[in-house]
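For reference, positions follow the sequence shown, starting with 1. Below, all heavy atoms of this structure are taken into account, side chains as well, without hydrogens, waters or symmetry copies.
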Amino acid sequence: RARQKGKESNFSQCYFPKGYDCSGLIPAHGLYCNFMQSTFEDVADFRNASFTKGVCFSGVTFKGEALFNEAEFKRGVHFGGATFQERANFQGAKFGADHEDTADKHSSEYNAYFSGATFEKAANFGYIVVRMNCSFSEATFENGTHFSNAKFMGKADFTKVIFKDEASFGHARFKGEANFNKASFHKRAFFFQAYFYGQAKFDDSDFAFAVFRETVFTGVASFVKACFTKAYFQEASFEQGALFNYAEFKGEANFSLAVW
């Protein structure tokens with residue numbers, strides 16, 4: 001049973017059965033919403049939802065599709081430890097305030113939090129706009145993952161993330177620090193024409209097939225102790241240099257026309 005107290009709508013440990021219409025939750029979006037450790041048995045349809053006061057989906061189990069296309073999370077959002085058993089779609093979602101320059105790139109707080117989440121089927125984060133620091137640290141993506149054309153205005157933490165299928169960050173933009181230290185890419189890691197404005201960290205990461213063709217690194221790019229089975233860096237631009245100390249290239253490594 002949902003509980004409302006003051007400025008909070010508490011749906012923690014609730015069970016949403018098959019056929020439940022999530023549109024009935026729309027009036028609660030103007031309050032802080034807490035869905036911690038709840039279970040959605042069927043499709044969780046939050047397309048175009050606007051959460052103005054923050055929302056917590058920590059530890060939630062989504063047994064059906066989780067649809068957050070074009071949703072707006074204007075304050076903090078917490079999906080830490082959530083399990084997505086079917087497709088997760090966040091395409092075009094917006095995280096943070098309306099102005100792209102509001103992200104505090106120096107803050108240690110991660111307001112868009114997906115740490116430890118498990119995505120068992122395809123996950124689509126294409127065209128998202130993240131105007132706050134975000135963390136996917138130690139998340140597991142078991143199927144294809146898309147962050148194509150995503151915009152990260154603050155820090156983006158992908159440390160120790162496991163991508164078991166193809167991970168696409170084509171045309172993504174990272175305005176703050178991008179940290180992929182100790183990440184594992186079991187199949188193709190596609191960063192074609194991605195743009196890193198701040199420091200890009202891939203130390204101790206493991207790549208089955210890294211594609212950084214025409215990628216631009218305006219800050220220092222660090223691949224210290226990274227392991228590449230196959231690597232394409234054709235026409236990549238390293239404006240402040242790159243660190244490949246102790247990196248291991250097991251197969252083909254192509255840096256043709258790269259600019260240092």
Open item on the list: With a 6.0 Å cut-off on the ring centroids, do Phe192 and His171 count as close?
Closed with: yes

Task: Approximate separation, where rounding is to 0.5 Å, of Glu72 CD and Ser50 OG - done: 4.5 Å

Donor-acceptor pairs under 3.5 angstrom involving side-chain atoms of residues 229-247: please list them, not counting sequence neighbours.
| residue | atom | partner | partner atom | Å |
| --- | --- | --- | --- | --- |
| Tyr232 | OH | Glu252 | OE1 | 3.3 |
| Gln240 | NE2 | Thr218 | O | 3.0 |

Task: Ser205 (side chain) donor-acceptor with Phe180 (main chain) under 3.5 angstrom - done: yes

Open item on the list: My understanding is that a hydrophobic cluster links ILVMFWY residues whose side chain heavy atoms are under 4.5 Å apart, including indirect links. Using that, what else belongs to the cluster containing Leu257?
Closed with: none

- [ ] Quick one: list whatever passes side chain to side chain donor-acceptor pair (under 3.5 Å) with Asp206, sequence neighbours left out.
- [x] none

TODO: Could you tell me if the ring centre of Phe212 sits under 6.0 Å from that of Phe202?
DONE: yes

Task: Close aromatic pair by centroid cut-off 6.0 Å: Phe136 and Phe125 - done: yes

Open item on the list: Is it true that Ser222 and Asp203 share a donor-acceptor pair across their side chains at a distance under 3.5 Å?
Closed with: yes

Task: Shortest non-hydrogen contact from Lys187 toward Lys164 - done: CG-O, 3.9 Å

Task: Within the 6.0 Å centroid threshold, strictly below: Phe158 and Phe147 - done: yes

Task: is_close_aromatic(Phe185, Phe169), centroid dist under 6.0 Å - done: no

Open item on the list: Looking only at side-chain N and O atoms, does Ser115 offer a donor or acceptor that is under 3.5 Å from a partner on Ser137?
Closed with: yes

Task: Atom NZ of Lys94: over 12 foreign heavy atoms under 6.0 Å - done: yes

